[in-house]
Amino acid sequence: MSKLFFIFALLTLLLLGYALHAALVTAPTERTMGDVQRIFYYHVPSAWTAFILFFINFGASVYYLIKRNPTADIVALVCAEVGVVFCTVVLITGPIWARPVWGIWWTWDMRLTSTLVLWLIYVSYLFLRRFSSSGQTPTLAAALAVLGALCVPFVYFSIWFFRTQHPQPVMGGGGSIDPRMLHVLLINWLAFSCFAFLVCWSRYRLERLQRDVDHAHAMEALRDPRGKLR
Amino acid sequence: MTETAPAPVITVSNLIKQFGRFAALRGVTAEFASGKLYAILGDNGAGKTTLLRTFAGLNQPSSGSLSILGASKFRDICQHVGYMAHPSLLYDEMSGMENLEYFARLYGIANRTRCAQVILAVGLDPALTRPVGQYSQGMKQRMSLARALLHDPQILLLDEPFSNVDVHSTTEMVRLLARTRDQGKTVLIVTHQASLLEGAADEFIWMEYGKIIERTRDLKRLEISAEG
Amino acid sequence: MTETAPAPVITVSNLIKQFGRFAALRGVTAEFASGKLYAILGDNGAGKTTLLRTFAGLNQPSSGSLSILGASKFRDICQHVGYMAHPSLLYDEMSGMENLEYFARLYGIANRTRCAQVILAVGLDPALTRPVGQYSQGMKQRMSLARALLHDPQILLLDEPFSNVDVHSTTEMVRLLARTRDQGKTVLIVTHQASLLEGAADEFIWMEYGKIIERTRDLKRLEISAEG
Amino acid sequence: MTPPTGITRATLLKDLRLEWRSKDAINSMLFFSLLVVVVFSFSFDPTAEESRQIAGGLIWVAFLFAAVVALNQTWARELRNQVLDAYRVSPAPANSLFLAKVLGNFIFVIVLEALMTPLFIAFYRLRALGPAWQLLPLAMFGTWALVVNGTFFAAMCLRTRSREIMLPLLLFPISIPALLAMVQATTAILSGESSARFWIVLLSTYDLVFTTVCLLIFETVLNAE
Amino acid sequence: MTPPTGITRATLLKDLRLEWRSKDAINSMLFFSLLVVVVFSFSFDPTAEESRQIAGGLIWVAFLFAAVVALNQTWARELRNQVLDAYRVSPAPANSLFLAKVLGNFIFVIVLEALMTPLFIAFYRLRALGPAWQLLPLAMFGTWALVVNGTFFAAMCLRTRSREIMLPLLLFPISIPALLAMVQATTAILSGESSARFWIVLLSTYDLVFTTVCLLIFETVLNAE
Ligand code: HEM
Ligand SMILES: Nc1ncnc2c1ncn2[C@@H]1O[C@H](COP(=O)(O)OP(=O)(O)OP(=O)(O)O)[C@@H](O)[C@H]1O
Ligand SMILES: Nc1ncnc2c1ncn2[C@@H]1O[C@H](COP(=O)(O)OP(=O)(O)OP(=O)(O)O)[C@@H](O)[C@H]1O
Ligand SMILES: [Mg+2]
Ligand SMILES: [Mg+2]
């Protein structure tokens with residue numbers, strides 16, 4: 001298990017390095033925006049990765065609600081945590097990009113806004129997990145995750161019609177992208193996905209370990225003939 | 001729902017309940033039969049309340065098995081269990097009668113006389129209009145018992161019903177509970193005043209550190225062994 | 001603040017306390033001397049808690065006079081009164097030790113060993129880090145007593161200190177209170193378990209319907225007259 | 001056995017009765033709504049053209065505010081003597097309780113809104129240029145959206161530390177689409193520039209989905225230790 | 001005897017410690033303030049010129065909102081096991097308790113404001129045309145005004161039934177002059193059109209008067225049965 005983990009980590013590292021090289025050197029420079037555009041190769045893959053992780057979180061939460069499987073709970077937790085991190089990356093790279101290109105940090109555009117709302121929802125999920133005092137945290141969290149995921153389509157629809165008078169992303173619309181750029185983008189996405197998986201994996205192992213330790217302590221308390229009562 | 005005497009009504013085996021790392025119940029194995037009155041005794045923190053709450057479906061056991069009236073899911077038999085806890089479980093703002101009427105609805109009883117009857121049985125006045133929040137401690141305690149008795153349950157789980165109740169009323173209450181037992185019900189009473197139940201209880205159960213240490217019919221023996 | 005034996009420490013005369021139209025105390029006249037342990041008994045709703053709360057300055061009497069340690073205003077002598085109520089009067093979120101340290105500050109005591117000492121005196125462990133909210137009922141009760149004893153008051157007002165406390169600990173507590181009495185303090189205990197105080201109490205006081213009906217040294221006599 | 005709706009009715013009636021008994025409930029609600037409007041008009045000059053243009057936002061922020069205050073005390077009564085435990089050991093279904101609470105809050109907030117709206121209209125001299133009747137279903141659906149989620153999350157927060165602050169933390173993010181729809185629809189109706197139909201349909205779908213899901217999982221939440 | 005300030009300190013430290021122990025206090029406040037700002041941005045289009053002109057009102061309504069949520073739970077801990085009774089039988093002066101609570105709430109709300117302001121500035125792209133440093137004393141005095149009255153009324157409301165709703169009822173009317181001063185001063189500073197000095201002086205007088213009066217009568221309120 002740990003050997004496999006190690007090999008996978010090494011591969012991911014290599015892939016990340018290659019993707020970095022591809023993004024910074026191989027990819028052609030965009031005509032109007034210049035080098036700033038290269039942030040694109042981090043911005044978009046992060047967004048896609050975050051979406052995938054949130055989707056897994058939803059699946060795991062539903063599964064947990066039905067089957068009460070502790071592994072599903074850990075998976076949900078881990079995916080939410082890592083997903084929030086990637087979503088944060090999107091929310092940081094976006095404004096960094098927007099500043100030189102649009103001249104502003106933030107605008108209430110559809111895509112920006114929906115990302116922000118998504119981020120808010122999953123941060124509130126993590127808050128619930130931390131603040132919950134009972135042994136039933138997983139149940140409550142799973143319930144919230146389901147509601148949060150259901151909210152996403154509504155966010156999308158409502159924001160679609162929201163303040164349409166404001167600028168759309170400059171590079172929206174799929175077709176017009178340079179194939180070489182697309183190639184680099186996909187490489188980066190693959191690298192990011194592997195990286196996310198790697199982080200989730202190690203976080204999963206950590207959480208597992210933590211719970212095992214707790215369990216062992218609990219077992220210890222059971223055996224203790226006259227435990228530290230009182 | 002067999003009411004033949006020997007069949008156990010509650011069966012627990014190796015019940016464990018943990019709060020985080022702390023184990024409040026550390027392997028309880030026992031059977032409780034119908035038509036008996038059990039007194040559960042033990043030092044503070046022994047796990048008596050936790051045991052009762054687990055029976056009442058309010059705590060999920062960490063491990064071990066629990067079966068009440070043959071069902072393993074509490075929801076299926078909750079109609080047949082009456083539970084009295086330490087807090088009154090009553091609305092402070094309503095009078096005793098209003099409280100009971102509301103809880104009666106939850107059990108599908110739409111019968112005012114039944115409510116009045118239980119209030120009388122615990123020695124209170126059904127016509128009292130004062131809200132429960134202004135009752136004295138002992139009056140609250142009795143009203144709480146009335147709530148537990150309301151739907152005439154097969155199994156009664158009572159957590160320290162006699163604390164704060166005056167001496168006369170205590171004997172009344174013991175008599176009432178003994179009568180309930182004689183109707184074939186199972187009565188579990190957690191208390192620190194074992195002597196009150198000396199004549200009435202069929203069995204005394206001594207808990208210590210989350211385990212049942214001893215079960216006996218004779219309170220005296222228990223006291224001797226507990227001292228030692 | 002005289003500590004000579006015969007001087008009364010608490011004097012009430014014709015104390016009346018009304019809640020709206022209902023009179024919980026209907027003319028209480030009494031004196032309590034220092035170096036004595038009084039047990040206040042009575043049925044539920046007799047007004048015992050109300051009386052104690054009035055002594056502790058938490059209820060304003062509707063009429064009648066009340067003087068404690070010679071002062072008529074409670075604020076002047078609150079330093080010398082310890083009060084234990086039915087709710088624990090403790091912060092659920094803090095451990096027992098943290099609670100006591102905080103309350104010690106209120107009384108101008110900045111002494112950790114004193115806090116540890118009282119906790120030990122009531123039979124708990126000062127090192128327990130669990131918050132009080134997770135204590136069992138009896139443990140809360142004892143911690144509450146510790147809070148009342150903390151500043152070594154002249155007068156102790158205890159409302160049902162023994163309810164929910166296990167038998168061994170009760171005897172311990174009675175011994176502790178008797179010792180306190182022997183140091184010249186006045187101890188007033190409201191309880192329904194009069195027999196526990198049989199050896200220890202100097203006087204038993206029977207209340208009924210907001211009045212003191214009888215004061216006697218002999219519990220047996222009280223029981224007979226109460227029955228009749 | 002009493003049918004679930006019977007229990008919902010009993011619970012709702014009990015809550016309303018208790019609310020009513022502390023007579024001042026209605027008075028205080030009236031006063032509260034007046035105050036919110038007054039505070040808002042002090043903060044946002046009602047004579048200015050700008051304020052009138054953002055009236056849709058103003059109204060709904062005021063309602064949200066009122067709703068959070070109301071929702072935070074939804075379960076207060078049940079918490080006092082752990083009455084919730086009494087409910088949990090009874091055979092009554094969890095959903096009956098949930099529906100009763102939602103309905104109770106709904107009535108409460110709707111009454112508040114009914115009181116506030118005329119005041120807003122008077123203070124800000126609002127006039128709907130679009131079809132005004134649409135405001136009614138809009139208010140209904142919008143309030144239901146706030147209340148159904150709010151009640152659910154308030155129950156969830158019973159099991160968390162620092163309960164009061166947790167409610168808005170959980171409620172706001174999920175309510176954003178609903179809030180957006182309400183604000184946009186109100187503005188559309190008031191200004192008459194566009195149709196509010198889309199928003200109303202969106203809101204009703206939102207209500208449907210969230211009510212269903214909340215009913216499906218409320219029992220789990222209630223019975224969490 | 002511990003001097004009154006010592007007791008204030010002990011109480012304040014205890015409250016802060018308990019608040020802190022549920023570690024994420026700051027995090028949750030940060031998130032809450034973010035949420036309020038986001039909700040406001042959804043309700044009041046920040047790109048529109050109108051919204052920017054009423055930003056003074058927006059900010060203070062948001063702060064008021066946050067303050068009421070905070071103040072509503074001021075005495076929750078003391079209420080739980082009637083700990084207030086333990087305080088009342090002790091020789092500690094009532095005002096020490098009051099001051100500790102006021103300071104605690106003040107810190108809480110000020111932190112919230114400090115977190116919200118940059119967000120408001122960023123989202124609404126605000127720029128002060130007047131002397132910006134005046135915003136600091138303004139925020140201090142304004143918050144103190146909200147908090148001192150809020151804490152006092154929260155204590156008063158302990159004895160009324162529908163506790164949570166009572167707070168805004170009592171707080172708002174009395175706070176209206178303060179709120180007006182805050183809004184006007186903020187708008188003055190942001191627009192740079194007039195001087196905010198008058199309003200700041202007004203606010204500080206208001207603070208002085210109300211703090212004194214509250215300190216004088218708090219003991220009576222606390223010891224009311
Ligand atoms: C300011 C914050 C920003 C946020 C939160 C943000 C968010 C996102 C998200 C979530 C996606 C993936 C959505 C999808 O694939 O449908 C995305 C894609 C994209 N973003 Fe951004 N963005 C921001 C700023 C920008 C800026 C300034 C630009 C460029 C001028 C930009 C250009 C793009 C492009 C080209 C895509 C890929 C579009 C596609 O494949 O459909 N973004 N952004
Ligand atoms: N929610 C909880 N979290 C952590 N520990 C708990 C919790 N509830 C109870 N405990 C602990 O479990 C132990 C058993 O508690 P329990 O209330 O069952 O005791 P008990 O036998 O009823 O005592 P008492 O006679 O004093 O009421 C105690 O040490 C208590 O501190
Ligand atoms: N705040 C109040 N408002 C109205 N009536 C009250 C209030 N507090 C107490 N009472 C009434 O006063 C009477 C005496 O109450 P009190 O609590 O003093 O009785 P007690 O002797 O302590 O009884 P117990 O042994 O049951 O604790 C009771 O009938 C009670 O209902
Ligand atoms: Mg117990
Ligand atoms: Mg009493």
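Reckoned from all heavy atoms, side chains included, excluding hydrogens, waters and symmetry mates. By convention in this document, chain letters (A, B, ...) are assigned in the order of the sequence lines, proteins followed by strands, and residues within each chain are numbered from 1.
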Discussion item. Only pairs of heavy atoms separated by less than 4.5 Å count here; which of B:R142, B:K48, B:Q137 has the most with chain C?
Written reply: B:Q137
Worksheet item: Heavy-atom distance under 4.5 Å between the side chains of B:R130 and C:F19, does that happen here?
Response: no
Fill in: Residue, of C:V167, C:N164, C:T191, C:T170, that accumulates the most heavy atom pairs under 4.5 Å with chain B
C:N164
Worksheet item: What residue, out of B:T49, B:V165, B:D159, has the most heavy-atom pairs lying under 4.5 Å from chain C?
Response: B:V165
Fill in: Contact class of B:Q141 relative to chain C, heavy atoms under 4.5 angstrom
neither
Practice prompt. Check each atom of C:F162 against the heavy atoms of chain B and say whether the ones under 4.5 Å are side chain, backbone, both or neither.
Written response: neither
Worksheet item: Short question: side chain of C:D43, backbone of B:D166 - any donor-acceptor pair under 3.5 Å?
Response: no
Fill in: Heavy-atom contact with chain B under 4.5 Å, split by part of C:Q134
neither
Worksheet item: Are more than 12 heavy atoms from other residues, nucleotides or ligands located less than 6.0 Å from atom CZ of B:R215?
Response: yes
Item to complete: Supply the atom-to-atom distance C:H86 NE2 to B:S163 OG, rounded to the nearest 0.5 angstrom.
Response: 6.0 Å
